[in-house]
There are 2 protein chains.
Amino acid sequence: MIKVYITDDHPIVQEGIKNLLATRDEISLTGVYQNGKDTLEALVKEEPDVLLLDINLPDISGIELSKQIRDAYPELKIIVLSVHNEKAVISSVLQNGVNGYVLKNSIGDEIIQAIHKVIDGELYMCVQTRDIYNNQDTTGPDFIPKITRREKEILQLVTEGMTSAQIAEKLFISPYTVETHRKNLMEKFDVNNMTAIIKYATEFKLL
Amino acid sequence: MIKVYITDDHPIVQEGIKNLLATRDEISLTGVYQNGKDTLEALVKEEPDVLLLDINLPDISGIELSKQIRDAYPELKIIVLSVHNEKAVISSVLQNGVNGYVLKNSIGDEIIQAIHKVIDGELYMCVQTRDIYNNQDTTGPDFIPKITRREKEILQLVTEGMTSAQIAEKLFISPYTVETHRKNLMEKFDVNNMTAIIKYATEFKLL
DNA sequence: GAAAAAATACCTGAAACCCGGGATGCCCGA
DNA sequence: TCGGGCATCCCGGGTTTCAGGTATTTTTTC
């Protein structure tokens, strides 16, 4: 019997997956959670074999969460469910050591398959994900840069349309410092101006 | 018997809703579609009483689609399912004359309720939506500005990090013209620089 | 406790952007 | 048909950002 947890904040999706898993008698659903916090708490008490994890959660970035869980529970198989078909997101999540990546527009069978594959110790990616992952000539970054707390803060304010001077005033730091942070961000994202960053940051929900 | 169509590109969500509706014997599911095109084609052949419409579709902007369907089928009740909890999106969709707006993190019961309410001729909004809609002090625009084809094109290129000069060259127009479009965009979004626009444009999937 | 990472600050010149105008031609819908 | 929306082009001046550094202090992490 394969014990499975679901973490997804949409009741309808939960319902859909529940139903799907109910058709298989080698799989038992032992927990359903709406956010990262509840999931982490549940894992402390009881560890399932597989976690189906939506990476768009209300409280924590799923990318960050998947890393935390991976580090804390090396035996647990994590299958990420996601709407993100951008290479950068897929790469980042896979680099965190998850065991599967399934796009939400996949058919239910792919989830069942994924569960069996990861239990067998394999890495599972749905067909579409595989295509994107192997495709060289995608636009956009190949990975999501790791940004610091302060950089994130500055990026947020830039995104709201504030100038460096305004940001400096708001954060009680020198405009020069703000400039430095901007430069570092541009370097990390490998672009020449902030506009290009904002698109990715918004798309990838970094803010 | 209330005839219902579902349009959503996620099989798992379809499954969840199917299940939900199956528990009610006054509701019959008469069609399930994955995109705007299929939905429009199906409507030509047979019109249901209610359409449950996800506004994040692979082919058409759901906001645009809802308007089209409203105009072509005035009798059809449209309930929009969405992950967007931004006031601007809610307002825009409602202004297109849809009959209901339900966030995807709502519980299943709200969908059932919504169906009955709209059949009764009422406008239905889920609890959360109502809160957002009535809240005055939200950040961001109160509506999604209507932008022209050319403006959209310029916005896209700006978002990719191109300068006005580069855009001008690419589109074979004067840099002055590009500047004018930028100015018009900033006016429409009521902001002082392009960075603030990019966030909304990406968030609202205008590009 | 030391090393690495993050945050801070400074300078300068060039490039790009923003602001406040004015102006023309085209085309589509009322 | 004619008016409004759209796209186009132009100018000058002020502001902001970008690119190229260097360098110190604070915080985190191992």
Side-chain angles (χ1 to χ4, degrees), chain A residues 61 64 67-68 70-72 92 95-96 141 143-201 206-207, chain B residues 64 67-68 71-72 95 141 143-201 206-207:
Chain A
S61 145
E64 190 43 43
K67 193 203 202 91
Q68 275 180 42
R70 165 52 61 243
D71 291 348
S92 298
Q95 250 159 23
N96 285 349
F143 61 99
I144 298 177
K146 203 184 149 308
I147 64 176
T148 69
R149 240 197 314 284
R150 200 55 155 176
E151 281 165 0
K152 182 177 168 180
E153 202 171 356
I154 268 98
L155 182 51
Q156 244 158 6
L157 297 174
V158 169
T159 300
E160 286 169 22
M162 294 175 74
T163 67
S164 289
Q166 290 170 329
I167 294 171
E169 198 177 351
K170 171 150 191 170
L171 299 181
F172 304 106
I173 56 179
S174 155
Y176 291 121
T177 307
V178 178
E179 287 297 319
T180 304
H181 285 304
R182 292 176 88 119
K183 275 190 274 194
N184 290 337
L185 280 165
M186 288 188 275
E187 177 131 16
K188 285 186 181 183
F189 279 83
D190 192 26
V191 294
N192 308 311
N193 56 44
M194 294 300 287
T195 55
I197 295 186
I198 295 174
K199 179 186 165 201
Y200 295 122
L206 261 55
L207 307 181
Chain B
E64 189 45 42
K67 193 203 202 91
Q68 275 179 41
D71 291 348
Q95 251 159 22
F143 60 98
I144 300 177
K146 206 188 148 302
I147 64 175
T148 69
R149 241 196 314 281
R150 199 56 154 175
E151 281 165 0
K152 181 178 170 180
E153 202 171 355
I154 269 97
L155 183 49
Q156 245 157 7
L157 297 174
V158 169
T159 301
E160 287 169 21
M162 292 175 75
T163 68
S164 289
Q166 290 170 328
I167 294 170
E169 198 176 351
K170 171 151 191 169
L171 300 182
F172 304 108
I173 55 178
S174 156
Y176 291 121
T177 308
V178 178
E179 286 297 320
T180 304
H181 285 304
R182 292 177 88 119
K183 274 191 274 193
N184 290 336
L185 280 165
M186 287 188 274
E187 177 130 15
K188 286 187 180 182
F189 279 83
D190 193 25
V191 294
N192 307 312
N193 55 43
M194 294 299 289
T195 54
I197 296 186
I198 295 174
K199 180 187 166 201
Y200 296 121
L206 262 54
L207 307 181

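Quick caveat, the model's predicted, so the values are computed rather than measured. Chain A is the first sequence line, chain B the second, and so forth, proteins listed ahead of strands; every chain is numbered from 1.
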Looking at dC10(C), does its base get a donor-acceptor pair with the side chain of S174(A) below 3.5 Å? no
Under 3.5 Å donor-acceptor pair, K183(B) side-chain atoms to dG21(C) base atoms: yes
Given atom [atom1] of [X] and atom [atom2] of [N], what is their separation to the nearest angstrom?
X: K146(B); N: dG4(D); atom1: NZ; atom2: P; value: 17 Å
X: I147(A); N: dA5(C); atom1: CD1; atom2: C1'; value: 15 Å
X: E187(B); N: dG21(C); atom1: CD; atom2: C1'; value: 13 Å
X: I173(A); N: dT27(D); atom1: CD1; atom2: P; value: 14 Å
X: K188(A); N: dA6(C); atom1: NZ; atom2: P; value: 6 Å
X: L185(A); N: dA7(C); atom1: CG; atom2: P; value: 10 Å
X: L155(A); N: dA6(C); atom1: CG; atom2: P; value: 16 Å
X: M162(A); N: dT17(D); atom1: CE; atom2: P; value: 11 Å

At 4.0 Å (heavy atoms only), tell me whether N192(A) reaches a base, stays on the sugar-phosphate, or touches nothing. sugar-phosphate
Under 4.0 angstrom, heavy atoms only, what part of the nucleic acid is T177(B) near: base, sugar-phosphate, or nothing? base
So, is [X] close to the [N] phosphate, meaning a side-chain N or O under 4.0 Å from OP1 or OP2?
X: Y176(A); N: dT8(C); result: no
X: T148(B); N: dA7(D); result: yes
X: T180(A); N: dT8(C); result: no
X: R182(B); N: dC17(C); result: yes
X: N193(B); N: dT16(D); result: no

Shortest non-hydrogen contact from A196(A) to G161(B)? CB-CA, 4.0 Å
Between S174(A) and A168(A), the two heavy atoms sitting closest are C-CB, 3.8 Å
Nearest listed nucleotide, side chain of [X], among [options]:
X: H181(B); options: dA7(D), dC6(D), dA7(C); value: dA7(D)
X: M194(A); options: dA7(C), dC18(D), dC6(D); value: dC18(D)
X: R149(B); options: dA7(D), dC6(D), dC19(C); value: dA7(D)

Backbone of [Y] reached by a side-chain donor or acceptor of [X] within 3.5 Å:
X: T159(A); Y: I198(A); answer: no
X: K188(B); Y: K146(B); answer: yes
X: Q166(A); Y: T163(A); answer: yes

